[in-house]
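Reminder, nothing fancy here: chain letters follow the sequence lines and each chain counts from 1. As a basis for the values below, the full set of heavy atoms in this structure was taken, side chains included, without hydrogen atoms, waters or symmetry mates.
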Amino acid sequence: MTVVRTRTPGAVAMAAPALLLFGLFGIVPLLGVLVLSLADWDGLGTPGWAGLANWSTVLSDAGTWDALWLTLRVMVVSWLVQTPIALALGLFQAAPGRIRSLLAVLWFLPLLLSAVAIGLAWQALLDPTFGIGATPGLHWLARPLLGDPDLALYTVIFVIAWQFIPFHALLYQAGLRQIPVTLYEAAAIDGAGPRDRFWRITLPQLRYTIVTSTTLMLVGSLTYFDLIFVLSGGTGGPGTATRVLPLAMYITGFQAHDMGRASAIATILVLAGLALSLATTKWSGFTRMSSQQEGA
Amino acid sequence: MTRRFTVSRRGFTALVALSAIATTAACGSAGPQPTGTAGGGLTMWALSDQTTLKDSVDAYNADHPTAKITLQLFANDDYKQKLRVAFGAGQGPDIFFSWGGGALNDYVKTGKVAEITGADLDTGRFTPSVLKTATFGGKVYGIPANGLAPVVLYYNKKVLDAAGLRPPTTLDELTSAVTTLKGKGVTPISLAANSKWPTLMWHEYLLDRAGGSQVFDRIGAGDGSGWLDPSVTRANQQLQDLVGLGAFGANASSLSYDQGAATALLYTGKAAFELMGTWEYANIVKAAPEFVTSGDLGYTAFPATGGAGDPAAIVGNPSNYLSVNAATKQKAAALTYLKDYVLDDSQVDKYLAAGSVAPVNGLDAKLAAVPGADQAWLRFVYDLVRKAPNFQLSWDQALPSEQADPLLTNVDQSFLKKITPEQFGQNLSKVS
C-alpha cells in the first residue's frame, strides 16, 4: 500500500523552524569551513587568501593519509566488534524477565557518562603500575596497553565499544520487540528450529535496525574525538598511533594554529561522512522504506 | 480538559512576561558590566592554579574599589586555545598570563601585545635570564608573574641507599645506576612519556650538554638547519641508549603526567629518579608530605655528559608572564597593577612559603628566614638559576606554535625507537 504524500505550503511552514536552524547552524558553518580551507589564517591575524595551497599540503602530507587509514581501521574494527555483541545483548534484553531488564539498565550506564569521564577512568584503570594490573590475579593486565604503539589503537577501540555497545543493544532490543510474534508461531508450526528462526525471521526483520545501527556506527566513527583525545593525553600518541582524522584536525587547528589546513581536513571528514551514509542507505535499500511485514 | 489547558496556558504566558520584566529590570540596574575594555574596571585571565597571583589581584582591588580587576581563571589545557580565539575575535582581556617564548611572540608579531618600557615600570628588579623569555627585538612584552621553574633531577634517597648508590653527577654514573637499580627490580627513572613533554625535558638537557646552548639558539632564531647539528644526533643516541637499557621501565609510554602516577612512582619507592620541573616539589609535598619532611626526597642538577655544553646550564620554564593587551583602554591602570602588585614584597614571601622562588634579585635574606626542609630546596633552586649561564625555555614553548606538535611527535617516535637518532634531526629540520 502506498501513501501519497502531498507537499502543501502548510507543511513547509511547519518545517521552517527546523530548516532555518539547520541552515544557520549546519549549512552556514559548513560553507565557512569550505572558504576557510582556501585561506591562510593562524587564528590571530587577518586571514589571507591561500588558494589551493592548504589542500595540496594536506593531500600530500603522509600524516593525513595515516590518520585517514587509522580512522577507517577504527571504523571497521569497531563495527566488527560492536555489532555482534550489541545484537546478542539486544536478543538477551528483548526477552521478558525482570533480571534481564535490571541488567539492561546496568549495561546502559556507560552511555550516560561523558566521554571525558570515561577516558579518565579507563586511563587510571589501565595504568600498568597502579591500575587493574595491580590486582592479584590480574597481573597479566599490567602492560602498557595505552603506551604500546601496536596495542594503543585496539585499547581505544575496546573503550569505544564499552561506551557504545549499550546504545546499539538498545536499538536491537527495540527492533526485536517490533517483530510480530505470529511470525515465530507460524515458523514453529512449520517446524523451524531456533537457528532457522534466527536466520530466516529475526535477522531479516531486523534489517533496517541493522542499517540504522551501522550508519550511526560508521558515521560516528568519523567523529570519535573526545575519548581518544583524553586516552592519548591530547596527542594522538604514542607517536601517532591513535591520531585519527578528527584529532589531526584539532591538533592542526588549535595546537599548530593552522586554521586553513584544519578546515581542509574537516572538509575531507564531511565528505567521507556524507559518502558513507549515502552509500549504506543506498546499498541496503533503506531509502525505499518498503514494508517488511506481509499484508501491512 | 479544555478549561484546564486555557488556564495553564495563561499562567505560562504570565510567567514568561514576568520573567522578561525581571530580566529587563536586572539589566537596567545591577546587571553585570560588559567585559573587555568598555567598563571602568580591567579584565585579567590566568590559570586556575595561580593562587598567589590571585592574592595580588585581591590586593589591587582593595585599593581600587571603583575600578577593580575582574580575574578569570582557566584550566591549563583549554587556556591557550581560549586566549587565542579571544584575541583572534578582538575580545582579549586587558591583562593576560602566558608562558613567554614563541607562543607569546605570535601575539607580539600581530601587534596584540603592548610594549612595556623602562619608564612604565622597573624591569631591572627581575632576574635577567628570566626576563629574556618575554623580550623580543630588545623590547619587553611581559613581566614574570610566578616562581622559577627549572627542570631538576629528583631522586628517592631510600631507594638509592638501598642500592648503595650516590646521586649521579655524570651520565656514566646515571647509566651505571640504571643497571644497578634494574638488578634490584626498581624502575630506575620515572617518566610520563604518554604526555610527551616530560620526554622532551630529556632531549633539552641532553642537547644542551652535548652541543651547548648555541645549538638551540640557532633553531629558536628560525634556522632549521640547527637540527642537523651532530650534537642533536648525539643527544638522541644517548636517550635511546638509556631507553635500550630499560632506564624508564616497561610502562613509561602509558604514564600520563596529569594522572600523577609518574610522581607516585618516585615517592612510593617504585622508581629511583624523576626529571621534572620545580612544581613537582609542591606536588610531592601535597601527595606525600612525610616523604619530604623525613628527608627522603633528594634533588640535584642534571648530570654532565662530557659534551661541549656548560653543565651549569638549565632548561625549563623561567617563569610565567603577565602581558598587556595592546588594544586596552586602561593601559595606565594595567601598568599600575603590574608595577605595584605583581611580585611585590608580600607576593615574594607567599611564593617562598609555597616552596617556589620568585624571579627577583636579592633574595638571600628572605631565603635564610624560611623554616624547615623548604629552605634547602629553595636555596638549591635559587643557586641553580643564579649560577646558570643559560636558562633555556622549554622547546615546545620557545618555538612558534606550528612547530610544537611535530617536535613532540618526533620526541615520542624517537623514545619509542620508531625513528633513528639521525632521523630525529632530519625530520625536524624539514618542518622548521
(request) Name the option with the most non-hydrogen atom pairs under 4.5 Å to chain A; the candidates are B:Gly88, B:Ser195, B:Ser254. (result) B:Ser254
(request) Mind ranking A:Pro149, A:Ala152, A:Gly233 by heavy-atom pairs under 4.5 Å with chain B and telling me who comes out on top? (result) A:Pro149
(message) Given heavy-atom pairs under 4.5 angstrom as the criterion, report whether the side chain, backbone, both or neither of B:Tyr107 touches chain A.
(response) both
(request) Kindly compute the distance separating CG (A:Asp258) from CG (A:Asp40), expressed to the nearest 0.5 Å. (result) 7.0 Å
(request) List the atom of B:Phe424, the atom of B:Ser414, and the distance in Å for their closest heavy-atom pair. (result) CD1-CB, 4.1 Å
(message) I need the A:Ile265 CD1 to A:Leu245 CG distance, nearest 0.5 Å.
(response) 6.0 Å
(request) To the nearest 0.5 angstrom, please state how far the CE atom of B:Met201 sits from the OG atom of B:Ser394. (result) 5.5 Å
(message) Taking every non-hydrogen pair under 4.5 Å, which of B:Asn410, B:Leu255, B:Leu265 racks up the most with chain A?
(response) B:Leu265
(message) Please classify the contact between B:Thr268 and chain A as side chain, backbone, both or neither, with a heavy-atom cut-off of under 4.5 Å.
(response) side chain
(message) If you count heavy-atom pairs within less than 4.5 Å of chain A, which of B:Lys196, B:Lys109, B:Gln413 leads?
(response) B:Lys196
(request) Using the ring pair (Phe, Tyr, Trp, His ring centres under 6.0 Å) rule, pick out the option among B:Trp197, B:Trp227, B:Trp99 that qualifies with B:Trp395. (result) B:Trp227
(request) Pull out the residues in residues 53-68 of chain A that come under 4.5 Å of chain B, heavy atom to heavy atom, sorted by number. (result) none
